[in-house]
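I have placed the structure first, in the form of structure tokens, so that the comments after it can refer back to it.
When a ligand or atom number is given, it counts from 1 through the structure's own listing order.
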Amino acid sequence: MQHQLSLLPYNTFGLDARAEHFAECRSEDDIRTALKSGIRPVFVLGGGSNILFTRAVVPGLLIKNSIEGISILESNDGEALVEAGGGENWHRFVLWCIEHELGGVENLSLIPGTVGAAPVQNIGAYGVELKDVFDSLEAVDLETGETRHFDKATCRFGYRDSIFKQEAKGRYCITRVRFRLTRHQHKINISYGDIRNTLALMGKTDEPGIADVSEAVVRIRSSKLPDPAQIGNCGSFFKNPEIPAGQYENLRSAYPDMPHYPLPGGLVKVPAGWLIEQCGWKGKRVGNTGSYEKQALVLVNYGGATGEEVYALALAIIDSVKSKFGISLEPEVNIW
Ligand code: EPU
């Protein structure tokens, strides 16, 4: 266990917070040993790519999940059941699947973070969500130290949401995740906006394979989203709000160009990036932070920003979107 450790290398926002006590865990037993220290509260850190530290010191025990390993548990002609350790880097896992000709996660290429963090917010991009390929997971209960199994229904996945962001928040460390992936007969999903165009630019219009789709997604993401190694960020800072159809109709008369996606149940999803851009924040720098010039939904740390500073910017953006559109944005990243 380490003490007063700088978290700078452990969060993609590049914030220099410290962990009071820090335990890197490579197995379930490592987690149980760390829990036996009795230090509380306990927090679990994955890839640190969806977290904003607002305090200089994270109190208690921070467990860094570094459980590795990827293997095929079962397979037949049509599909394979694959298990990955919670500490595996998500994109490395995606590439492993593509190398092994296993389909289903290619649209989720280049999402920062770890396998264990992926179910927490049901990561999603380009028309696919983790829940579409999810089978089950194992997690260590941080109160009892016991390992518990969760199937898909128990995880209660929603848009950037699961039981691990609701009533089970902070209770578990996800140690292993199992995925049902396709073999040979893949369900290629290129319906989302830019994928088709990017494949065309790559000269791959005829029956693109999973490696082509992955490559297209990598190109799109790299062109729009800042690389955390260069500019600190956590991807989308806010969720895309879902508003009642009536509210959308009222707004549409004032803003006929507002992009929108009707959802089942009479709700309409509106892109937060567009709302933030309309409020004049896109590309605007405030001290060491700002809203990214190519994607307003991404808040960035130009270097030396504090978590408090990023949080103050987030609150200012929430205020202006609320007063211009009457819509309350909610953070997508975890605020600690
Ligand atoms: N838009 C603007 N201005 C902006 C940004 C976006 O007008 O500054 C408009 C775009 O023109 C487009 C719409 O907003 O009409 C949607 O934009 P985009 O396709 O870039 O996706 P997004 O809704 O902003 C979501 C996810 C991303 C994911 C992309 C692609 C959320 C909160 N974000 O972003 O996820 O990569 O779709 O599927 O759902 C993340 O969660 O960290 C993340 C990056």
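Regarding atom 36 (O) of ligand 1, its nearest protein heavy-atom neighbour is Arg221 NH1, 3.3 Å. Tyr192 OH, 3.5 Å is the protein heavy atom nearest to atom 21 (O) of ligand 1. Closest to atom 44 (C) of ligand 1, if we only count protein heavy atoms, is Ser236 OG, 3.3 Å. Here the heavy atom of the protein found nearest to atom 8 (O) of ligand 1 is Ala296 N, 2.8 Å.
Every atom of ligand 1 with a heavy atom of Leu297 under 4.0 Å away is listed here by number and element: 24 (O). For ligand 1, the atoms sitting less than 4.0 Å from at least one non-hydrogen atom of Gly235 are 42 (O), numbered in the order shown with element in parentheses. Annotation for ligand 1: atoms under 4.0 Å from non-hydrogen atoms of Lys282 are 3 (N), 4 (C), 8 (O).
By the criterion of a heavy-atom distance under 4.0 Å, the side chain of Arg160, and not its backbone, is placed next to ligand 1.
Distances from atom 2 (C) of ligand 1 to the heavy atoms of Gln121, His260, Glu330, Glu277 show the closest one on Glu277. Of the listed options Phe237, Tyr292, Phe238, Tyr159, Tyr159 places a heavy atom closest to atom 39 (O) of ligand 1.
For Asn301 (side chain) and Gly14 (main-chain N/O), a donor-acceptor pair under 3.5 Å exists by modelled atom type. The closest donor-acceptor contact from the side chain of Gln247 to the backbone of Gly326 lies under 3.5 Å.
Among all heavy-atom pairs drawn from Gly287 and Arg285, the shortest one is O-NE, 3.0 Å.
Tyr255 does not carry Lys324 over the face of its six-membered ring by the limits of under 6.0 Å from the centre and within 45° of the normal. Judged by the 6.0 Å distance and 45° axis criteria, Arg252 is not positioned over the aromatic ring of Tyr248.
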If you apply the rule side chain to side chain donor-acceptor pair (under 3.5 Å), what do you find for Arg171 with Thr144, and how did you get there? CA-CA 10 Å; Arg171 173 86 192 255; Thr144 63; 5.4 Å; no

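Taking only nitrogen or oxygen atoms, main chain and side chain alike, Lys239 does not reach within less than 3.5 Å of ligand 1. For a threshold of 3.5 Å applied to N or O pairs, the pair formed by Lys294 and ligand 1 contains no separation below that value.
In this structure, Ile63 is not a member of the same hydrophobic cluster as Tyr172, with clusters built from ILVMFWY side-chain heavy atoms closer than 4.5 Å.
Under the 6.0 Å cut-off for aromatic ring centres, Trp96 and Phe93 do not qualify, their centroids lying 6.0 Å or more apart.
Within a 4.0 Å radius of atom 10 (C) of ligand 1, the protein contributes no heavy atom.
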